[in-house]
Protein chains: 2
Amino acid sequence: MDSKIEKEIVIKRLKDKGYLLTSQREYILNLIIKNDNHLTIKDICHLVEDPTIGQSTVYRAIKLFLSLDILRKINFGDNDYYELSLENKHNHHHLICSECGKIIEVGFDYLEDLEKKIYEDYGFIVKNHTLRFCGICKECEMKRSADAKTYEK
Amino acid sequence: MDSKIEKEIVIKRLKDKGYLLTSQREYILNLIIKNDNHLTIKDICHLVEDPTIGQSTVYRAIKLFLSLDILRKINFGDNDYYELSLENKHNHHHLICSECGKIIEVGFDYLEDLEKKIYEDYGFIVKNHTLRFCGICKECEMKRSADAKTYEK
DNA sequence: CATTATATGAGAATAGTTATCAATTAATAA
DNA sequence: TTATTAATTGATAACTATTCTCATATAATG
């Protein structure tokens, strides 16, 4: 696992409920971390084909991690992705480029005011939120305007 | 369909691409509208069991509506729901009560500032967004505090 | 070291989705 | 109206995704 601290948190969360951090489970977590936290189950099944981990084990591990809040599921369009749910990562957003598919994480939150207003208007107490933006990333936009210039000639 | 205007928009979008508004397609759309815009495919398959519409037709219709931007898919937790994508409904948010599962639509947007900041910091041009809040709705919270009082006695 | 609990992999079973094709329905032209 | 063509449907088969089963393996505990 990336850092020793994270690994210890994972072991603790598992142990508290009587589970173990097996080599397969650790391998799967590392895969997700190494791939920017944005893998689908299909991706994982393919990536573990070599050091063969059975796909039932993949499904079981993901489910377990979700239930212990070690992973969190995020949904972009047609696919479910999994990302580490440790630390205080609860308040970040995702930018998805519709041109190249890149996923960018936004570090700031800025929804406190909105949550306050929701409580005032609807009496709804917000515990958690997910926000994703679709659009065009910087690089794709630059490519686009470069192409546009070419046509002008 | 609810209003004549909506039906005409749907017919136009279909016709422009050479498709027809069949009774089955209209029935499915009406189901979604009548159920507060929040049905899963499974729900729809069950609801159409009586005036039998084959389930391949359900899948095909949903797919078609998505491709023509007549429906839009939203994802809450484990399920995909479908809602009408007509009018300027693009900027509303969803509140999901984790106690009773109710889905409430929030009429206001308030993300312009955030989108501006994202452009400034990341050069990312936002075209669209989805935001959902999980928490406790007014009614469930009231029930909760009522229960809490009972225990105090 | 023996015993018990937990986890694994292979494949069977189930659920969810898509593709195929003959029959039906709607649109268009004569 | 009738003939012709295009689009749609429903039943079922095919395929994909996910879960279950069970014998075996591994780790923890006494």
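- A ring-ring contact (aromatic ring centres under 6.0 Å, His included) check over residues 44-73 of chain A, counting only residues at least two apart or in different chains, returns nothing.
- The side chain of B/Gln55 places no N or O atom within less than 4.0 Å of a non-bridging phosphate oxygen (OP1 or OP2) of D/dT9.
- Scored by the salt bridge (charged side-chain N to carboxylate O under 4.0 Å, His left out) test, A/Lys42 finds no partners at all (sequence neighbours excluded).
- B/Thr40 is linked by a side-chain hydrogen bond (donor to acceptor under 3.5 Å, both in side chains) to B/Asp43, counting only residues two or more places apart in sequence or in another chain.
- With distances taken from any side-chain atom of B/Arg25 to the nucleotides C/dT8, D/dT9, C/dG11, the minimum falls on D/dT9.
- Residues that satisfy the side chain to side chain contact (heavy atoms under 4.5 Å, CB included) test with B/Leu64, not counting sequence neighbours, are B/Leu14, B/Tyr19, B/Arg25, B/Ser67, B/Leu68.
- Listed by chain and number, the residues in a salt bridge (charged side-chain N to carboxylate O under 4.0 Å, His left out) with A/Asp16 are A/Lys12 (sequence neighbours excluded).
- Rounded to an integer number of Å, the gap from B/Tyr19 OH to C/dT25 C1' is 18 Å.
- Of all the heavy atoms in B/Ile136 and B/Cys97, the pair that sits closest is CA-SG, 4.1 Å.
- B/Arg132 places no side-chain N or O within donor-acceptor distance of the main-chain N or O of B/Ile96, the cut-off being under 3.5 Å.
- Rounded to an integer number of Å, the gap from CG of B/Leu14 to P of D/dT8 is 8 Å.
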For nucleotides 13-16 of chain C, give me every protein contact, N/O to N/O, under 3.5 Å, one pair per line with atom names.
unit_1 : atom_1 : unit_2  : atom_2 : d
C/dG16 : OP1    : B/Lys42 : NZ     : 3.3

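- Taking atom CD1 of residue A/Ile28 and atom C1' of nucleotide C/dA7, one finds them 12 Å apart after rounding to whole Å.
- Phosphate contact (OP1/OP2 of C/dT6, side-chain N/O of A/Lys17, threshold under 4.0 Å): absent.
- Partners of B/Lys117 by side-chain hydrogen bond (donor to acceptor under 3.5 Å, both in side chains), not counting sequence neighbours, listed by chain and number: B/Asp121.
- In this structure, CG of A/Leu64 is placed 12 Å from P of C/dT6, rounded to the nearest angstrom.
- A/Glu141 meets the salt bridge (charged side-chain N to carboxylate O under 4.0 Å, His left out) test with no other residue; sequence neighbours excluded.
- Axis angle between the ends of the helix from C/dC1-D/dG30 to C/dA30-D/dT1, five pairs each and rounded to 10 degrees, works out to 30°.
- Here B/Thr57 reaches the OP1 or OP2 of D/dG10: one of its side-chain N or O atoms lies under 4.0 Å away.
- Panel note: side chain B/His93, backbone B/Asp109; a donor-acceptor pair is recorded below 3.5 Å.
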Atom pairs, N/O to N/O, protein against nucleotides 22-30 of chain D, distance under 3.5 Å?
none

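- Contacts of B/Lys63 classified as salt bridge (charged side-chain N to carboxylate O under 4.0 Å, His left out), with partners at least two apart in sequence or in another chain: none.
- The separation between B/Gln24 atom CD and D/dG10 atom C1' is 9 Å, rounded to whole Å.
- One can place CG of B/Asn79 at 15 Å from C1' of C/dT17, the figure rounded to the nearest angstrom.
- Nucleotide C/dT8 holds its P atom 15 Å from the OH atom of A/Tyr27, rounded to whole Å.
- Looking at which nucleotide of DNA chain D each of B/Ala61 and A/Lys63 is closest to, the 5′-most match is held by B/Ala61.
- The base of C/dG11 sits with one of its N or O atoms less than 3.5 Å from a complementary donor or acceptor on the side chain of A/Ser56.
- Nearest-nucleotide mapping onto DNA chain D: of A/Ile41 and B/Gly18, the residue sitting toward the 5' end is B/Gly18.
- Annotation: side-chain hydrogen bond (donor to acceptor under 3.5 Å, both in side chains) contacts of B/Glu139 (sequence neighbours excluded): B/Lys102.
- One can place CD1 of A/Ile62 at 14 Å from C1' of D/dA17, the figure rounded to the nearest angstrom.
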